[in-house]
Structure formats: structure tokens, C-alpha cells
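To start, the structure itself, in C-alpha cells.
Start at 1 and go down the list; that is how both ligands and their atoms are numbered.
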Amino acid sequence: MRTIWVLGDQLNRSIGAMADADPASDRILMVESLGKLRSKRWHRQRAHFVLTAMRRFAAELDELGYEVDLRRADSLRAGHDAHVAELSPDEVVATEPASWDGLEMLRDLGVTVVRSNQFLCHYEEFAGWADGRSSFKMEDFYRWQRQRLGYLIDHDGEPVGGRWNFDDENREPPPKGGDDPWPDPQASQLDEVDRRVLADLDEWGVGTWGADPDGTWATSRRAALSRLRHFTREVLPSFGPHEDAMVERSWHLAHSVLSPYMNVGLLLPGEVCDAAQQAFDDGGVPINSAEGFIRQVIGWREYVWGVYWLWMPDYRSRNALGADRPVPPAFTGAAETDMNCVGTCIEGLHDRAYNHHIQRLMVLGNLAMLHGVDPWAMTDWMWSNFVDGAEWVMLPNVIGMSQWADGGKMATKPYAAGGNYIDTMSDYCGSCRFDRKQRTGEDACPFTTLYWDFLARHHERLVKNPRVARQVRASERLSDLPAVRERAVEVRSMLDDGTL
Ligand code: SF4
């Protein structure tokens, strides 16, 4: 018999090696690696989500007549070796994994690797697209994807609505409140499988930070498909306008919150985009919402996947700004913070293992870059705390996008901002003890102080960048720049010792 080894982020019968599987000739191997579970301080809901989804997928395959060897081992490699020693399969096959290290391991073990169809653009196709380009912008890749995949393309091959990108309609500040157009996400009841996983996590000492799961995250394909239907029917029509807004009263706004399911295979990106296209064709979904969502999936998500494979393994060690500080205690839950924006994000992270993209980029990522957090430490922290975390998604998003640690390979300018940006795009500043306009003194907003300090600290590099040169020149003209830089030293020290 042949063994198909299914990894924890390949939980779908249509993926790679599973696509032509047959219970009569194929046995399934799945490994719960204690080494992996103990390798990081995983958020409780992140660890629960992956383990529960794995166990439910194993049970689904068992019901279909497969012999499933779901085993616990000290490592993935040890689980494979024990399986082979006990059952002597004719061959072990696996779908291409989502990580560089995973692929090395499979090759090393002599596992037959089957090409993955978990993304719409295989990374070899991405490399072909990128080949010979001096710069490869996400927007160019996205248009190439739109054309070849046919989403929101009219009969003449032109973009529906006459434009490729409706982003300028999707940057509205938060509404004042009262009549929010953001339906509550669906939730599931926890059952015996969930409770068993939580008991196992406790026994292993894994998932010690973060709230218990409350049913927010679906852990089966059936429930994930229900979340997709709910999103396209109820939420997608209002997806666009407040895509970049942050409000204390809603953790989800009109975000799809479907990324965890795509990242472990419970949903496939093609079916997600087909559902969005269908909802648009049926009417009721404005083009800016449909286009903005499809761009996130076939554009940004697939672009990040492509650059991960293109630039690994060196990309992990990029640190263009020489940042070397640890992740602040205010992020890890080891200290309280008076910064309302950070406190709101971390409370949401604790409760659901989730922040939406603009909280990740412009609050947490922004502060980490302004402060000078080591980019790999930040990547690792995000990877282990977000329910949709994975190395392939966090590495380009953190190293390339939010920390600008690749020196501009991916983003043409650092996403640095002071308190004014956060005030425009959120309702956080009104009730914060700090004053977003002040850059010196005890009441100064730490973002504002560190923003000006960041421009001055990296003057030499940034002044040559036409996209930020104007702000760098403005920092030179600040009459109180010496005092700002003095305050920045205090702020960074307080961030390090958890007293801010
Ligand atoms: Fe955050 Fe500064 Fe606004 Fe406070 S004033 S919420 S620290 S940006």
C-alpha cells in the first residue's frame, strides 16, 4: 500500500496527492509533532485551531474508508520513521509543503513530493513571471493574475468597471458609530473533539497564552464553507469602504476572516474567489468591494507566497535597518500598556488570536519598526500568535512589508506613521492617555515621537528614497528635533522594560 502523508496545513481532499487518492490503495499518515507544538509559545487558539482541524480531517477520511494513521511523535520526522517501520508502505508521497524547511525534510526522507495546487499560481509560475523584471510590483502581478484567471474581466478582456483597482474608494475613515454595516461573524459550538484538544494542550504545557476558543474559528471544511457563504452573502457587500479603518467597537468590521481556512486547506483560494465573483454577478456587491477582496486573494496572498519561495532561505536573515530589540512586553502580554491603540489590538489578539491587516501593519508592525524590533523576532511572534500564521505568510509581510527589513525589495517605502495617521483611520486616540499631536514630554504619543526619531535615525538611507524624502526633509526642519530624539530614547527604554 502507498502512504499519503498529509501535513497540518493541507486539510483538503482536492489538494495535491489527495486528489487521486483511493482508500483501496492508499493509507493516510498524519503526525501531531510535540516538538513543533513546543517549539514556540503558540497562542492557545492557534494551537487548538490546527490540531482540531487535523483531527476532524482525519475522522472525515476515516469515515470515507481510509486507514488513517494519526500519530503523535516527538517530531514530524520521527512520526514518519515510526510509521514506515511499523507499516512498511510501498511508497510515501506528500503534497509539496508550504515551508522551505518542510520541503528539505521531505526530500531528505526520500518522500515522493507531488506538485501542490493549493495556490492559484504555483511558485515556479511566479518565478517565471518575475524572471527578467527589475522590479516586480504586486499590482503588476495582480493584473497578470486577473487576466489569466478571468476574475472581474469583461468580454473584451478589460477589467470590469473600467479600472483594475478601486482602492481609492476603500480608504474611508471609520464611521462615527450607531449604524455599523458589519454583520457578526458566524460561531460554532465547541464539542468533545475541541475539549479533548484543549485537555491535551494543557497536558503538554502548550498554548499557555490567549483565551480559550469561543467557536469563532471553524475547524472543519463543512463549517468553513458555511463561513464562506455567510461572508459572500452578508459581509462582502460592505467589504470595501472601511478596509483600512480601525474601531474599538468591532474586531472584524467587514473583513472576511477567511484567511485561517485558506492557510490550512479547509478552503481553497479558487473556490473563495469563485464565490465572490458569483456574488458580484448576482448583483448587490459593489465593484470596489468585489475587486478589493479578490485582489487580496489572487493578488497580495499569492504574491506573498511567490516571493517567499523566490527569496528563501536568505530572506529570513534580512535586517536592512539593523534592528535588534526584542518584541516589547506590551505585545507579549507580559506588561500592560497605556497606548490605547496597542492595548486594543493586544486585547483582541489575546481573545481571538487575530487582528485585521491594518492593525497588524499600522499599529503593531509600525511600532515595532519605529522602535527597532529585530525583524525575525517580530516575524516569529506574529507567526505563533495569529490564527492564520505561517512562515510563508509572515516572512514577506513582516520582513518585507511591515519592517522594511529587506531595504525596499518588496515595499518601495517603509510603512512608518505617527499618531496622526492612527487618529485618522481609527477611533483609538480620543480615549488614549497620550496626545497624538505632541512629540516631546510625558504626554507625547509614542508613535509620533518615534516616527520623527525614525526618520532622523535612518536619515542617510531614507533621504535617497523619493517616496519618503519629503518627510525626511521635514524632520530636518523640526526645531525641537534634539528634544524629540531625547524623548525617543526614553520611549524605547520604556517599551523595552514594559512601563509604557
Ligand atoms: Fe496610539 Fe498615540 Fe493614538 Fe494613543 S495617541 S491611541 S498611543 S496613536
Specify whether an N/O/S atom of C445 falls short of 2.8 Å from atom 2 (Fe) of ligand 1. yes
Interatomic distance, CZ@R46 vs CG@L349, rounded to 0.5 Å, equals 12.5 Å
ask   = With under 30° as parallel and over 60° as perpendicular, where do the rings of F141 and Y303 fit, or are they tilted in between?
value = tilted
Atom 5 (S) of ligand 1: of Y451, F447, F434, the nearest heavy atom sits on F434
The option among S426, C341, C429, P446 carrying the non-hydrogen atom nearest to atom 3 (Fe) of ligand 1 is C429
Per-atom filter on ligand 1: closer than 4.0 angstrom to a heavy atom of Y428 are 6 (S)
Under 2.8 Å from atom 4 (Fe) of ligand 1, is there an N/O/S atom belonging to C432? yes
Note to self: For the residue pair T232 / Q278, report whether a side-chain donor-acceptor contact shorter than 3.5 Å exists.
What the structure shows: no
| message | Would the distance check show the side chain of S188 and the main-chain N or O of A218 forming a donor-acceptor pair, the cut-off being under 3.5 Å? | response | no
I'd like to know whether R316 forms a salt bridge (Lys or Arg N to Asp or Glu O under 4.0 Å) with D380, so could you lay out the CA-CA distance, the side-chain angles of the two residues, the decisive distance to 0.1 Å, and finally the verdict. CA-CA 10 Å; R316 270 197 283 231; D380 198 48; over 6 Å; no
